[in-house]
Structure formats: structure tokens, C-alpha cells
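Residue indices begin at 1 and follow the sequence shown. Atoms within each ligand, like the ligands themselves, are counted from 1 in listed order.
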Amino acid sequence: MHLIDSIKEKIDLVQLVSEYTKLKRSGARYKGLCPFHSEKTPSFVVNDQHFHCFGCGKSGDHFTLIQELNGVSFPEAKRILAKRAGVEISDREYERQDKVFYINEFVQGIWEKGDKSYWVSRGYTEETIKKFGLGWCDQVHWSEKTWYLLHDAGVYKDGKQLMFNRASIPLKNLTGRIVGFGARSLDGQPKYINTPETDIYKKSKYLYGLYESKHSIMKLRSVYVVEGYTDVISLHQRGVENVVASCGTAFTEDHCNLIKRYCNKVVFMFDGDSAGAQATLKAIKTAVACIVTGK
Ligand code: ZN
């Protein structure tokens, strides 16, 4: 049997959808509130192989659902679902993207075991440090065979490790895989070094904290958008868990599309200076345009 079909056969679509929205049986099908757009009466219908929304027109199968709701590519959706179904994917199915994830996760495995004293000195608890995978950018030793991959992943730049002797923050995507890192200096400049854009990390489409916050955002149907990594982490520690950061880039339409699947209220909380005020006005304009045009 083809890989796609055997995955579909092993995973109940109704159960999969139920992780994103509550479904109720309605005749031979199931019905619920659409996870793709905000609505008060259910127009989202699911049968064993297919979903369709009579409100916004979205439709598809297991793979479309995971792609769209988690903002991942088809190969990544396939990987997630194969794992869940217990179906093996052969080596040749792995693509360059997977190798970049692998490099990042290998690095994180080392850095998260590193020195935590900076994070402790900032008042973060052991629980918070663990939840966000905070650590320290130690030197990682590689074989020369992996050099091109290290550059692809943005861990190396011009033959050298980009982040070194800094406090590390892993950047997770919606499925919890690591797409890059932020690294904070203790004294020197620049204050932050971030992974450059790669195949799996695009700043204009990335919101820090969405992985850790998505359940709370879905539950409360609202989100706070803040400026930096540590704003997200500090708020989580204080029990505010529906918060994401745009991390120094302007709030874009792609950012808006990412969060509007989960909530219908956005609160911008940028810095109180005039740059922050300008950024807030721009972000509100972007959000309104995105919602009005329904893109
Ligand atoms: Zn819909």
C-alpha cells in the first residue's frame, strides 16, 4: 500500500480534528466550529477521509489539516503523521529540511545541558528554563562531512560557529521542532544574535512562543503579541500563557494568519517608547487588513 494511504488508514481523521476543535456526531458525519476561521455556529464537517468548511471553504484530508493548522510543509506533515501512525519512512523520504532540523536538534541537545546561571540570575525557575529549553552556547564539535549542513542550518557562518559563549534560546516551530536559535550576550555587542533565515526559518512567518502558547491561545481565544523572547518567557512564568513575540521584525500578514486560526482577539504590547508606538499602529493596520480581506 502507498505510504500516504496507509497513514490515512491508521489515523482516524475525526480524532485528529478533535485535537483542534470539539466535534459532535451529526448523522453519518461529525460537525464542529471551524478551526480555520472564527464562527459561532458550526459549519465544519468531517467524515473519515475528508473535512470541509461551509463557512470559509477550507477542505482537505489528514495532511492538509496538519499542514495548514501547524504551518508546516507537506514533507513535515508526512513525517508527523507517519510517526503518529507508526509507519516507517525510508531514508530517501527524508529531505534536506529534515537534516537541518536534525542539526538544530543535535545542537539543542548540547546547549540545553549547558550553564544555566545567566537564566537563574534573571529569576527564571527550573521549570521555566526546562519548558523553553534555555541553555548556553557551548562549542559544538563536528566532523567535516557535516560542514555544508551546518551552514544550511545557520549554525555555522563562514566556517565558524555563529553563536558562542552566549545564553541560548531554541526557536521551536508549531510542532515543537527546532528551526533556529536566539543567543543573548552577557556583556558584549550585539545583544542578540539570531539564526539567519534558512529553508525552515523565515522571520516574517515565525512567532516565538506559539508552540508553548497555542493551547492557552485556543482556550482563551486571545493572544498577546510582545516584542522579545524574554517577554514571552517572563509572562509564562507569571501564568500568562497566551503570548507570542514577533522578535524584532514588524508584525506581518503571515504572522496574523498564523494566530487567527487559534483566536479572535489580538492585544499588542510593544515597548512604551515612540518606536514601540509606531510599531503598534503599524501592527494594528496589518491585523485589520488581514482580517477584513480574509486572506
Ligand atoms: Zn471555516
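Electrostatic pairing of Arg84 and Glu19 counts as a salt bridge here, judged by a charged N lying under 4.0 Å from a carboxylate O. Checked for salt-bridge contact, Glu197 and Lys203 miss the test: no charged N lies under 4.0 Å from a carboxylate O.
With Tyr211 as the aromatic partner, Lys172 does not meet the cation-pi criteria of under 6.0 angstrom to the ring centre and within 45 degrees of the ring axis.
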Stepwise ring-ring contact (aromatic ring centres under 6.0 Å, His included) check, Tyr20 with Phe51: CA-CA 13 Å; Tyr20 300 93; Phe51 67 82; over 10 Å; no

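Among protein atoms, those of element N, O or S found less than 2.8 Å away from the Zn ion (ligand 1) are Cys34 SG, His37 ND1, Cys53 SG, Cys56 SG.
For the pair Leu210 and Ile217, the minimum side-chain heavy-atom distance is below 4.5 Å.
One side chain, Asp115 or Ser117, offers a donor N or O that lies under 3.5 Å from an acceptor on the other.
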